[in-house]
Amino acid sequence: MTVGSSQEVLDGLNDRQREAVSVLDGPVLVVAGAGSGKTRVLTRRVVYLLEQGVSPSEILAITFTNKAAREMAERVHELVSVEASQSLWISTFHSACSRILRVHPEIGRLRSGFTIYDADDARRLLERTIRTLELDTKRFPARAVMAKISSAKANLRGPREMASDAVGAYDRLVATVYQAYEDALIANNAVDFDNLVNLVVSGLREHTGVREYYQRRFRYLLVDEYQDTNRAQNELISTLAEPEKNIFVVGDSDQSIYGFRGADLGNIIGFSERLPSTRTIALEQNYRSTNAILELANTLITRNALRHEKTLWSELGQGELPLYFVAQDDRQEAEFVVSQLMALLAEGHSLRDVAVIYRTNAQSRVLEEELSKGGIPYRVVGGVRFYDRREIRDILAYLRILVNPDDDVALSRIINTPHRGIGSGTQEQLATSARTRNVSMLHALELFSADELGLSSRAAKALTHFVELVAYLRQQVQDGVPAPVVVDEVISRTEYVDLINEEDPLTAEGRLENLAELRRVAAEADSLEAFLEQTALFSAIDADLDQSSMTLMTVHMAKGLEFPIVFVVGLEEGIFPHLRSLTSADQIEEERRLLYVAVTRAKERLMISSARRRSFQGNVIYNPESRFISELPDGVYRRLESLEYSPVPTPEHRQPRRQEPAPYRVGDRVFHVRYGEGEVRAIRERSVDREVVVYFDAAGERVFFGSMAKLKLV
DNA sequence: AGACAGCCAATTTTT
DNA sequence: TTGGCTGTCT
């Protein structure tokens, strides 16, 4: 094996990290504070195990995100031979389970070629199930019912358990829906994300041979972000680790922010009690933030009862005291961000050093408006994801039906896309007939005549064309035509390009580019099946972080990232903590952890803010300051009362901007790179800067900050 | 089949 | 304020 000496593997690690890397056997819990180098520990440990003679095929390292898996794999690959890295399993829970189910689909009552449904597919299937049971979709909204089902699944409770737990008629009905939904998944030869894990858990329980095989195979388990595991996931790794208990988990109770999705803090908190021989190692040295930031974080989180006690410290100096600004309203809060930003830019910071973090997506709007005014480039993380785009989902649905003809969800998506005269009535009739015959919709069309299915002759004609199209495409796949070519075939045979062009010429170009991108991804896959697997499990395409723009995102999206400068906005009761979390102590603790995660993203400068008044769901609301602020002692932050007292900009920075006369007047014609030509409608002097209102010929009215707007007189 | 008004609900979302 | 869905009209 081409690995360095043990010496090298432990190089540059602190004592605790070194200990964590080199404990060989038995259960290990690494309590890894924010920024304490846990990824490093995890990768080094994999290498260390290999050096100690553990075979690469005996190691299973599990993460939650593809990104984390990829990072870990890349770092391991740098240190070990190609052969070794190829037989290592470094993957997400879902990929690992999918891999197991592809080999043993029968343990999950599946057949080969099964489809993985993402949240949207699953919701569609559930909604159809609810309608089939003739329940009112108002009283049983798919979203809410799915939340209940998903939470049951996270806790390994099946429909029967849900029914026996049910207190009222409503919950009993939900249990009925749950059962019907599970049946529908099997009928569609499909799994949702939850079932990827749960079917492996139940499959291993029921099939001793398969269980023992994987238990023997995976002698060393490593789990990242252990605090985010739910019961099902925990059961999976416990089962696999059962014989030898070489289970190494890394996590931080204070960063558990997915409780609402079923993550069970009890997994990490109770780990050493369940496995009494556990060696617990706490990583408290932080390599990211200054101590001023860590002190705020530390004091904040000590209020939580449910946690592993620890105190972060760093060698990065005291640093500047976090700043807290109380704005009059959400707009002024956004102005605060912009004005601080300008000062920071003047100090020589780059926009990519800066992130604005908020609790809910809706909060980005005002920020975006103010940033646009100032002509400040930004990107919002977590918008519509690549594989969520309609054109992408449509083409993928065509591909899915070729691999899994039982996939009614995919079929329903494309049967009338593009329009081919198969309306909702026809689809309804087809679905019903197929159901009574216990076959999928596509099979129904292939096996029975239009008469038998109760379809009109006009509908039958349109359907025949559709079935022929699918048959043609399927023949292509059987002939071994490569995935990107199949993609081309789908696009050309369906005249999808025309559909895009007709629908909205303005967005057509971008959507066509998306299809081209899809084709490129397909070209990299080994097979059509592999391509579909990848699209199902790897939903996001990495955003380009090196762009020179600042970042806006929710706390959840920010987890695992770091920025020199961080703004956390909206520190008000009802926003952060969120209104919906005010009811229970557990939820408040989770909100507090959210803020903890947010502030520990900051390396050098932390700015937090609240607004006395803000618009919220179309109304103006007045919220008291967040309890998380009130809980903090005065010493850990500096309170800023008004924008005028902005501490960072020196008078030289501020004065010229305010005194300089505006280079244009109301009525002048101006040019902007993005919006073209327009007329200046108003110039308003404001506290921080002046606002310039321009009415663009093409883009309508826009408001800019005078000092930042790149407007040229024409 | 498609367009449009009216109604309702509204965290967070690694896979 | 926004978006999604439903029902009605053309």
Side-chain angles (χ1 to χ4, degrees), chain A residues 62-71 91-98 116-123 127 136-138 141-144 146-147 150-151 153-154 191-198 224-225 227-230 232-233 255-263 330 357-366 369 381-382 384-385 387-388 416 418-426 462 502-503 533-540 553-561 570 574-583 587 590-591 593-595 597-598 614-621:
Chain A
I62 293 204
T63 62
F64 269 87
T65 66
N66 294 304
K67 193 173 157 213
R70 194 182 346 107
E71 277 168 14
S91 69
T92 63
F93 273 103
H94 296 86
S95 310
C97 290
S98 170
I116 298 168
Y117 280 176
D118 69 9
D120 184 69
D121 298 320
R123 208 212 64 246
E127 183 159 332
D136 181 3
T137 51
K138 286 263 163 62
R143 252 181 71 105
M146 186 56 95
S150 191
S151 137
K153 287 186 180 180
V191 277
D192 61 17
F193 284 141
D194 293 321
N195 276 6
L196 276 175
V197 176
N198 287 37
D224 189 17
E225 304 279 15
Q227 79 283 349
D228 287 335
T229 51
N230 62 31
Q233 289 155 344
Q255 291 186 75
S256 165
I257 57 174
Y258 285 99
F260 71 96
R261 294 180 92 202
D330 46 354
I357 302 179
Y358 36 79
R359 175 67 245 266
T360 66
N361 288 120
Q363 289 169 261
S364 75
R365 219 184 98 225
V366 193
E369 286 169 7
V381 177
V384 182
R385 285 178 298 190
Y387 291 111
D388 287 343
N416 201 31
H419 297 304
R420 35 174 91 86
I422 305 172
S424 55
T426 304
E502 283 161 27
E503 230 171 45
E533 180 89 356
Q534 193 183 329
T535 57
L537 256 23
F538 293 64
S539 65
M553 64 194 151
T554 63
V555 188
H556 287 89
M557 297 302 294
K559 190 173 166 209
L561 305 178
I575 300 289
F576 205 163
H578 195 272
L579 197 64
R580 298 255 175 164
S581 303
L582 259 30
T583 42
Q587 287 183 313
E590 180 145 319
E591 295 285 312
R593 290 192 292 270
L594 271 168
L595 182 55
V597 167
R614 79 168 57 236
S615 25
F616 182 76
Q617 295 177 187
N619 296 307
V620 175
I621 53 163

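What you see below is based on every heavy atom in this structure, not just the backbone, and it leaves out hydrogens, waters and symmetry mates. Every chain is numbered from 1 and lettered A, B, ... according to where its sequence line falls, protein lines coming before strand lines.
- Between A:Lys153 atom NZ and B:dT13 atom P there is a gap of 21 Å when expressed in whole angstrom units.
- For A:Asn66 and B:dT15, the shortest distance from a side-chain N or O to OP1 or OP2 is below 4.0 Å.
- Within the model, atoms CD of A:Glu533 and OG of A:Ser98 stand 3.0 Å from one another, a figure rounded to the nearest 0.5 Å.
- For B:dT15, the OP1/OP2 oxygens have no side-chain nitrogen or oxygen of A:Asn195 closer than 4.0 Å.
- Of all the heavy atoms in A:Met557 and A:Val381, the pair that sits closest is CE-CG1, 3.7 Å.
- To the nearest 0.5 Å, the span separating OG1 on A:Thr92 from CZ on A:Phe64 amounts to 9.5 Å.
- Going from atom CG of A:Asn230 over to atom P of B:dT13 covers 18 Å, rounded to whole Å.
- A:Tyr258 has its OH atom 7 Å from the P atom of B:dT13, to the nearest Å.
- Between A:Asp224 and A:Ala68 the shortest heavy-atom distance is OD2-CB, 4.3 Å.
- Across the protein-nucleic acid pair, A:Ile621 atom CD1 and B:dA10 atom P stand 16 Å apart, rounded to whole Å.
- No contact: A:Asp118 has no heavy atom under 4.0 Å from any strand.
- A:Met557 has its CE atom 11 Å from the C1' atom of B:dT12, to the nearest Å.
- Here the straight-line distance linking atom CZ of A:Arg70 with atom CZ of A:Phe538 works out to 8.0 Å at 0.5 Å rounding.
- With rounding to whole Å, A:Asp120 atom CG is found 14 Å from B:dT13 atom C1'.
- Here the C1' atom of nucleotide B:dA10 and the CG atom of A:Asn619 are 11 Å apart, to the nearest Å.
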For nucleotides 1-3 of chain B, give me every protein contact, N/O to N/O, under 3.5 Å, one pair per line with atom names.
unit_1, atom_1, unit_2, atom_2, d
B:dG2, OP1, A:His419, NE2, 3.3
B:dG2, OP2, A:His419, NE2, 3.2

For nucleotides 5-10 of chain C, tabulate all protein N/O to nucleotide N/O atom pairs closer than 3.5 Å, reporting atom names and distance.
unit_1, atom_1, unit_2, atom_2, d
C:dT6, OP1, A:Arg131, NH2, 3.2

With side chain to side chain contact (heavy atoms under 4.5 Å, CB included) as the criterion, how do A:Met553 and A:Lys559 come out once you've worked through the C-alpha distance, each side chain's angles and the decisive distance to 0.1 Å? CA-CA 10 Å; A:Met553 64 194 151; A:Lys559 190 173 166 209; over 6 Å; no
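- In this model, the phosphate group of B:dT13 is approached by a side-chain N or O of A:Thr554 to a distance below 4.0 Å at OP1 or OP2.
- Closest to the side chain of A:His556, out of B:dT15, B:dT11, B:dT12, is B:dT12.
- A:Phe616 comes within 4.0 angstrom of nothing in the nucleic acid, heavy atoms only.
- Taking only side-chain nitrogens and oxygens, A:Arg143 never comes nearer than 4.0 Å to OP1 or OP2 of B:dT11.
- Here the side chain of A:Arg365 is nearest to one of B:dT14, B:dT11, C:dT1, namely C:dT1.
- Residue A:Arg261 places no side-chain atom within donor-acceptor reach of the base of B:dT11, judged by atom type and a 3.5 Å distance cut-off alone.
- One finds the CD atom of A:Gln233 at 10.5 Å from the CG atom of A:Leu196 (value rounded to the nearest 0.5 Å).
- Residue A:Ser581 is in base contact, counting any heavy-atom pair closer than 4.0 Å across all strands shown.
- Between A:Phe64 and B:dT15, no base-stacking contact is recorded for ring centres under 5.5 Å apart and planes less than 30° from parallel.
- Heavy atoms only, all atoms of each residue included: A:Gly570 and A:Ile575 are closest at O-CG2, 3.4 Å.
- Listed candidates were B:dT15, B:dT11, B:dT13. Nearest to the side chain of A:Thr92 is B:dT15.
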Determine whether A:His578 and A:Phe260 satisfy the following criterion, ring pair (Phe, Tyr, Trp, His ring centres under 6.0 Å), listing intermediate values before the conclusion. CA-CA 13 Å; A:His578 195 272; A:Phe260 71 96; over 10 Å; no
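- One finds the CG atom of A:Asp388 at 7.0 Å from the CG atom of A:Asp120 (value rounded to the nearest 0.5 Å).
- Minimum heavy-atom separation, A:Phe193 to A:Ile116: CE2-CG2, 3.9 Å.
- The C1' atoms of B:dT14 and C:dG3 are separated by 25 Å, rounded to the nearest whole Å.
- Whole-Å rounding puts the A:Met553 CE to B:dT12 C1' distance at 14 Å.
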